[in-house]
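Since the structure comes first, as structure tokens, the remarks are kept for the end.
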Number of protein chains: 2
Amino acid sequence: MNKRAPEKMRFAALATDVVLCTVLDEKLKVLLMQIDLPPHYKNTWALPGSLIRPNETAIDTAKRLLADKAKIDPKHAYLEQLYTFSRIDRDPRNRVVSVAYLGLIPGSRAAIYERSWPKNMKWCDIEKIPSLAYDHTDMARTAVERLKSKIAYTNIAFGMMPEQFTLTELQELYEAILNKELDKRNFRRKVIDIGLIETVKNKITGVAHRPALLYRFKSKKSQIIDVL
Amino acid sequence: MNKRAPEKMRFAALATDVVLCTVLDEKLKVLLMQIDLPPHYKNTWALPGSLIRPNETAIDTAKRLLADKAKIDPKHAYLEQLYTFSRIDRDPRNRVVSVAYLGLIPGSRAAIYERSWPKNMKWCDIEKIPSLAYDHTDMARTAVERLKSKIAYTNIAFGMMPEQFTLTELQELYEAILNKELDKRNFRRKVIDIGLIETVKNKITGVAHRPALLYRFKSKKSQIIDVL
DNA sequence: GCAAAAGTGTTCAGGGTACACCCATGT
DNA sequence: ACATGGGTGTACCCTGAACACTTTTGC
């Protein structure tokens, strides 16, 4: 068990890259970091990535990336496998096959984590993503497509909400991801009818208007549902 | 470009396995082949698989598998990446990470290809899949889930139909995959309304009943549509 | 003419969409 | 009292689901 494969079987390195998304300031954002690997990439923006280690599965690597590079506790994030990129020249240096992950984190936490980051790391508005290293532009595009698609028929958005939230906040999340406005009354009826959220006794306080009821998810297990 | 990664970066081999599905005799089936690799697997059924070669991407390997192992022209099959399996002990011998593909082929062709196969290769009813080598049981289950799920909202079923077909044949495909009966009138109205198929001038001949109109797909490009 | 599958419309219920006003709080 | 976002109900339309009989061919 777990012997290494014979040398002749191993010609490519294996990596994992994470497209970590959040909604901040009502915009869908992606975590980017700058890499400095001349001659190909000099201070170039890229997704956080790492080689998979011998004792890790791909998702283990994704979790380690969140923890080590962004100081994000993986318990705070949702991760799902996105796609495996195997183009032969995707890394100009060596043959590297990458198992990409889609990650989601609540905007409230994203803002806090950001404060502990160095300059070469940031949340980047998906409308303003610069040209990225490797095939990371493809990865980011694939992730955003997946997210937009899955938000309409699964509860995946739950990975981007804090423990407690108002219905308006939930609606703003959907609007940011889908990039269109939704009807308030229809949205509220729908999410309540689905039955995956419940009210908390508390109301929000300290706002200069009628305080909103707080809700939480009954379960965070991923499910297929018809959200919108 | 395309240099090999340094030795220390390479600890795992990379493979591709294909879950090739078809509908034959109104049953959803998967291509299995027997492998004989003592001591772990002695005449054990498995999915067709191979290591990825240095000059191949993952999908290149999937196409080569179809051609070499099953003598299937990859042009006759639809292939999409399914999931990457990276459990550390998934191969009891060596560390191997596998990029699994979902493949589809029309039943009419599946029946023909089958005749050229040796004894250790067969279409297996998905209800009767034996215990498979490696984590191939997981792969097969994942593929069938994906297929059942995507058939309801994409035109993926098109990959399993011959050039020309009757609406009844198309309906039988859906019924076999979803494992439930559909209403004839509603089904026909729906697929015609969607507008992805058109009639061919010919009718089917030589049947002891009213001959059915033949249809074909206007396009085989994969699309998101609301089929059922 | 009989067997066997092809082909065809209508009704009903439920869900999605569009839309406007009063409520509770902080200042 | 006023500004700000919170919270609520109804009417219409469209889609999905249920359902039975006539038509065309081969034998």
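Throughout, a chain's letter reflects where its sequence line sits, starting with A, and its residues are numbered from 1.
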Under 3.5 Å, which protein N or O atoms sit close to an N or O of nucleotides 12-16 of chain C? Give each pair with its distance.
residue: C:dG16; atom: OP1; partner: A:K190; partner atom: NZ; Å: 2.8

Pull out every protein N or O sitting under 3.5 Å from an N or O of nucleotides 7-10 of chain C, one pair per line with the distance.
residue: C:dG7; atom: OP1; partner: B:L213; partner atom: N; Å: 2.7
residue: C:dG7; atom: OP2; partner: B:R188; partner atom: NH2; Å: 2.4
residue: C:dG7; atom: O5'; partner: B:R188; partner atom: NH2; Å: 3.3
residue: C:dG7; atom: N7; partner: B:K184; partner atom: NZ; Å: 2.7
residue: C:dG7; atom: O6; partner: B:K184; partner atom: NZ; Å: 3.3

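Atom pair B:Y153:OH and D:dT15:C1' shows a separation of 21 Å (rounding to whole Å applied). With rounding to whole Å, B:H209 atom NE2 is found 15 Å from D:dT24 atom P. In this structure, the CD1 atom of B:I225 is 15 Å from the P atom of D:dT15, given to the nearest Å. Between B:Y174 atom OH and D:dG16 atom P there is a gap of 14 Å when expressed in whole angstrom units. The interatomic distance linking A:I204 (CD1) with C:dG26 (P) rounds to 12 Å, in whole Å. The distance between atom CD1 of B:I194 and atom C1' of D:dT15, rounded to the nearest whole Å, is 13 Å. One can place CD of A:E181 at 15 Å from P of C:dT17, the figure rounded to the nearest angstrom. Atom-to-atom, CZ of B:F187 to P of C:dA6 comes out at 12 Å; the value is rounded to the nearest Å.
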Acceptor/donor pairs from residues 27-35 of chain B side chains to any protein atom, 3.5 angstrom cut, sequence neighbours excluded:
residue: B:Q34; atom: NE2; partner: B:N43; partner atom: O; Å: 3.4

Under 3.5 Å donor-acceptor pairs involving side-chain atoms of residues 67-78 of chain A, not counting sequence neighbours:
residue: A:K69; atom: NZ; partner: A:G49; partner atom: O; Å: 3.1
residue: A:K71; atom: NZ; partner: A:D68; partner atom: O; Å: 3.2
residue: A:D73; atom: OD1; partner: A:K75; partner atom: N; Å: 2.9
residue: A:H76; atom: ND1; partner: A:R109; partner atom: NH1; Å: 3.4
residue: A:H76; atom: ND1; partner: A:Y113; partner atom: OH; Å: 2.6
residue: A:H76; atom: NE2; partner: A:R109; partner atom: NH1; Å: 3.4
residue: A:Y78; atom: OH; partner: A:E80; partner atom: OE1; Å: 2.5

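Partners of B:E114 according to the salt bridge (charged side-chain N to carboxylate O under 4.0 Å, His left out) rule, which considers only residues two or more places apart in sequence or in another chain, do not exist here. Looking at residues two or more places apart in sequence or on another chain, you find no salt bridge (charged side-chain N to carboxylate O under 4.0 Å, His left out) involving A:K148. Here B:T199 pairs with B:L213, B:Y215 under the side-chain contact (heavy atoms from CB on, under 4.5 Å) rule; sequence neighbours left out. Under the side-chain contact (heavy atoms from CB on, under 4.5 Å) criterion, A:T57 pairs with A:I59, A:D60, B:S86, B:I88, sequence neighbours left out. Residues meeting the salt bridge (charged side-chain N to carboxylate O under 4.0 Å, His left out) test with A:K190, sequence neighbours left out: none. With sequence neighbours left out, the salt bridge (charged side-chain N to carboxylate O under 4.0 Å, His left out) criterion links B:E26 to no other residue.
With a 4.5 Å cut-off on side-chain heavy atoms, B:S108 and B:M161 do not count as touching. Within the 4.5 Å cutoff, the side chain of A:D17 has heavy atoms near those of the A:H136 side chain.
Screening residues 172-202 of chain A for ring pair (Phe, Tyr, Trp, His ring centres under 6.0 Å), with sequence neighbours left out, gives A:Y174-A:F187.
Secondary-structure stems of DNA chain C, taken as three or more successive Watson-Crick or G-U wobble pairs (i with j, i+1 with j-1) under a 3.5 Å distance threshold, comprise C:1-27 with D:1-27.
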